[in-house]
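In what follows, a single structure is set out as structure tokens and then discussed.
Here is the naming used below: chain letters follow the sequence lines, and residue numbers restart at 1 for every chain.
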Amino acid sequence: MLRFLLLAFSVVVFAHAELCKPDAQNAFKVRLSIKTALGDNAYAWDANEEYLFKAMVAFAMRRYSSKSTTQISNVLLCNVTDRVSFWFVVTDSAKNVTTVAGSEVEAAIRMNRNRINSAFLLSDKTLQFLKISSTIAPPVEPSTPVWLIVFGVVLCLTVAGIVFLIVTGIQRRKKQNKESSETEDLEEKCEVTVTIENGIPCETLDLKAGHINGVYAADDERFASL
Amino acid sequence: CEAQFLPNPEERRIPNMEKSRPLWDNPLQFVFACISYAVGLGNVWRFPYLCQMYGGGGFLIPYFIMLVVEGMPLLYLELAVGQRMRRGSIGAWKMISPYLCGVGVASVVVSFFLSMYYNVINAWAFWYLFHSFQDPLPWASCPLNGNRTGDEAECARTSPTQYFWYRRTLNIAPSLEAAGALQWEQALCLTLAWLLVYLCILRGTESTGKVVYVTASLPYCVLIIYLIRGLTLHGAVNGLIYMFTPKLEQLANPKAWISAATQIFFSLGLGFGSLIAFASYNEPSNNCERHAVVVSLINSATSIFASIVTFSIYGFKATFNYESCMSKVILLLTNAFDLEEGSLTADNLGAVQGHLQAAHPQRYAELQPQLKNCSLEAELDTAVQGTGLAFIVYSEAIKNMEVPQLYSVLYFVMLLMLGIGSMLGNTAAILTPLTDSKFIASHLSKEVVSGLVCFINCIIGLIFTMEAGNYWFDIFNDYAATLSLLLIVLVETIAVCYVYGIRRFEKDLHTMIGHKPSWYWKVMWAFASPLLIISLFIFYITDYILTGTLQYQAWDAAQVKQHRGFDYPGYALAVIGLLVAASTMCIPLGALLTLARRRLRRGRARPVA
């Protein structure tokens, strides 16, 4: 009896060693970076954590194919290093010596990645399944790009400023034209009275030249001194 | 240009103006306008590069010598000419001598080319500014690829900041021939930039005078904030030490002196006609000598100040990259040899590497190509200038700071102010001669002329928003203004000293300022500056001839680096030739035209006499 048990045990251990080894078929390497993720709150990796890992993988397999009867004992871990990295493989619950197809394991892990990560307080980057790529959540994008909103604000302010300046410029020019035509009327009246009176003062202003406004005559003198 | 035949030589002394010319409200506006124009992007992105290339602190020696020999005298000359003649560049040179009207036209043409491509930089600054209001910044990380398993391929090969610049901003084509489509986002930003410039120049000196208070002072506020932030960054000291250790052996390199001369020359913006335009709105009794010295000193001081800021940012970025590189190597080794986390640090890396190489030679040899040699010196040595510095290096440093949105907004607002300030000068150089001309002033109002100029420039500027636009930008940047300006300023100096006569110029300055210029100014104007410009000119021409065909660097998306050595296609070479010829040919053409007209008039006058 004892011999039989010993033989069965050695067969199981042998099978275990055969099934789970680095680069075995359907085996995956896992790497954890606990210190990077948690810093001072990092926990040590021991047998209890390994048990939790096996439980999570079994849980993932059960959820993936609901009829699955994967047990914790079906998940085999090996080659645990100081890095904390190890290989694992999932054996078929029905036949103990074969492993579940890698694609199934991959799909199961992918589906439950979030749950596995949170069980260990880690993230996709710190709990790496080396052959299983993770689907990264896309960043949240607002419906209107933010830059268009700011662009619109600046554009409206600029256009408003331009319109304001142009309109005030036109108004100012109209007022100036009105004033200069008024002074011209006044001066014409003055000229009429001058011709009647044969006066001299209005002629000196030399209005007919048009461009020179007598008010600025003082400035011309300043220029001439150069 | 019509050559005015002035029968009475005395009349030349009195500027013939009927309407009173618009003036600056006070001399401070004029100084601020000059500072705003002279202090531009070149101070921020070119001077630090030159400092780095030509000996760090030692570069300041040729820089200051060139400032004294070339910068201050030529600046004083242009300001004095503008203030004396009280006209834009075309009118001013026509009054010096009717044969020189071509010089003014050449200035206007060069300013026109410059304003065409310069505003594109403001468009890029707007683009980055608008994108700074996001968390996280869009250039902080790579976008995801199609099936969301990792980063976008092109971005993963290079860095997120480079990807954002080359792909999201420029959407650069692989070569100049592949013109590509118009980028509507860039076109929008360019239109906004031109609208903003139009708003500032709409009313002439009235509006420009107020705007320059902001565009001249705001960059200094931002630079001070950045100085304080930069000096407190981790690793900034590395950059500063690197910059200020003088490598005096570089002084023997003639390129250092030539670069110093070129930098002073182009940094002050001589020859464009902007300084003449600004000075023409001065009171005739304004002390332009003092202002010339002040403006050139402030310009140089700003360059040095900006390079202190830049080098502290460089130091931070280099230290950050060095530490990331070290972390990557440590992670690689830890993963490959399954060592305990945290056992490898930067200090024991070398020793452990040696140990691993001895213990597992085969596996280590497999890893060897991936193990980069991280070196802080190598990171600091990567010298970048131009748009690469402003938009890639700085944005990379900003994304690693705390509250990056704030610093990003401040930085790009500063770039905008610098760019708009220079644009104000450029457009003044174009508009002042146009509004001085009686023909145009009588038919169109100032607002319409400004609007037309902005509109035409905007339409032509859309070329730079195409996918290959950055290559055309480089063409304009390298060839539109370099040779022509040297020639223009040379002719200007010789004209004032020898055609107009230095004694007459002295007397004019005495009337304006109240004292004659000292012997230093006269020696510089008459001998030193022209000789220097001639030697710069000869150097540029021999450089162009020696390098043979002109080449450009294209961005290779597959290898993600600047690929040197594509030859310009035929039509691009034709455009380069046109750019240089369009401005330089104006000078002899103008003289010939005046000669022809005079002959004609003399021919017509003879039968009467």
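Between atom CH2 of residue A:W147 and atom CD of residue B:E185 there is a gap of 5.5 Å, rounded to the nearest 0.5 Å. Distance check: B:L188 CG to A:F151 CZ gives 4.0 Å after rounding to the nearest 0.5 Å. Distance check: A:T81 OG1 to B:E340 CD gives 10.0 Å after rounding to the nearest 0.5 Å. Note: B:L196 CG to A:L155 CG = 10.5 Å, rounded to the nearest 0.5 Å. With values rounded to the nearest 0.5 angstrom, A:R173 atom CZ is found 4.5 Å from B:E447 atom CD.
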Derivation and outcome, side-chain contact (heavy atoms from CB on, under 4.5 Å), residues A:I166 and B:R203: CA-CA 9 Å; A:I166 292 181; B:R203 286 273 187 86; over 6 Å; no
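Looking at B:F337, neither its backbone nor its side chain comes within 4.5 Å of chain A, counting heavy atoms on both sides. In this structure, the portion of B:L339 lying under 4.5 Å from any heavy atom of chain A is its backbone and not its side chain. In this structure, the portions of B:L195 lying under 4.5 Å from any heavy atom of chain A include both its backbone and its side chain. Looking at A:L157, neither its backbone nor its side chain comes within 4.5 Å of chain B, counting heavy atoms on both sides. Heavy atoms closer than 4.5 Å to chain A are found in the side chain of B:S445, but not in its backbone.
Within 6.0 Å of CZ in A:F164 there are 12 or fewer heavy atoms belonging to other residues, nucleotides or ligands. Summarising the local packing, CZ of A:R110 is surrounded by more than 12 heavy atoms from other residues, nucleotides or ligands at distances under 6.0 Å. Within a 6.0 Å radius of CZ in A:R115, other residues, nucleotides and ligands contribute 12 heavy atoms or fewer. Within a 6.0 Å radius of NZ in A:K125, no more than 12 heavy atoms belonging to other residues, nucleotides or ligands are found. The number of heavy-atom neighbours closer than 6.0 Å to NZ of B:K210, taken from other residues, nucleotides and ligands shown, is above 12. Other residues, nucleotides and ligands contribute over 12 non-hydrogen atoms within 6.0 Å of the OH atom of A:Y43.
With B:F130 as reference, A:V150 is the one residue of A:V146, A:L148, A:V153, A:V150 to meet the side chain to side chain contact (heavy atoms under 4.5 Å, CB included) rule.
In this structure the side chain of B:F126 reaches within 4.5 angstrom of the side chain of A:V154, judged on heavy atoms.
Taking B:T191, B:L202, B:N335, B:L129 one by one and counting their heavy-atom pairs under 4.5 Å with chain A, the maximum is reached by B:N335. Chain B forms the most heavy-atom pairs under 4.5 Å with one residue out of A:I34, A:I149, A:L32, and that residue is A:I34.
Of all the heavy atoms in A:S85 and B:D338, the pair that sits closest is OG-OD1, 2.8 Å. Heavy-atom minimum distance, B:L331 versus A:R83: CD1-NH2, 4.2 Å.
Salt-bridge check for B:E206 with A:R172: passed, with a basic side-chain N closer than 4.0 Å to an acidic carboxylate O.
For the residue pair A:R31 and B:T334, no side-chain donor N or O sits within less than 3.5 Å of a side-chain acceptor on the partner.
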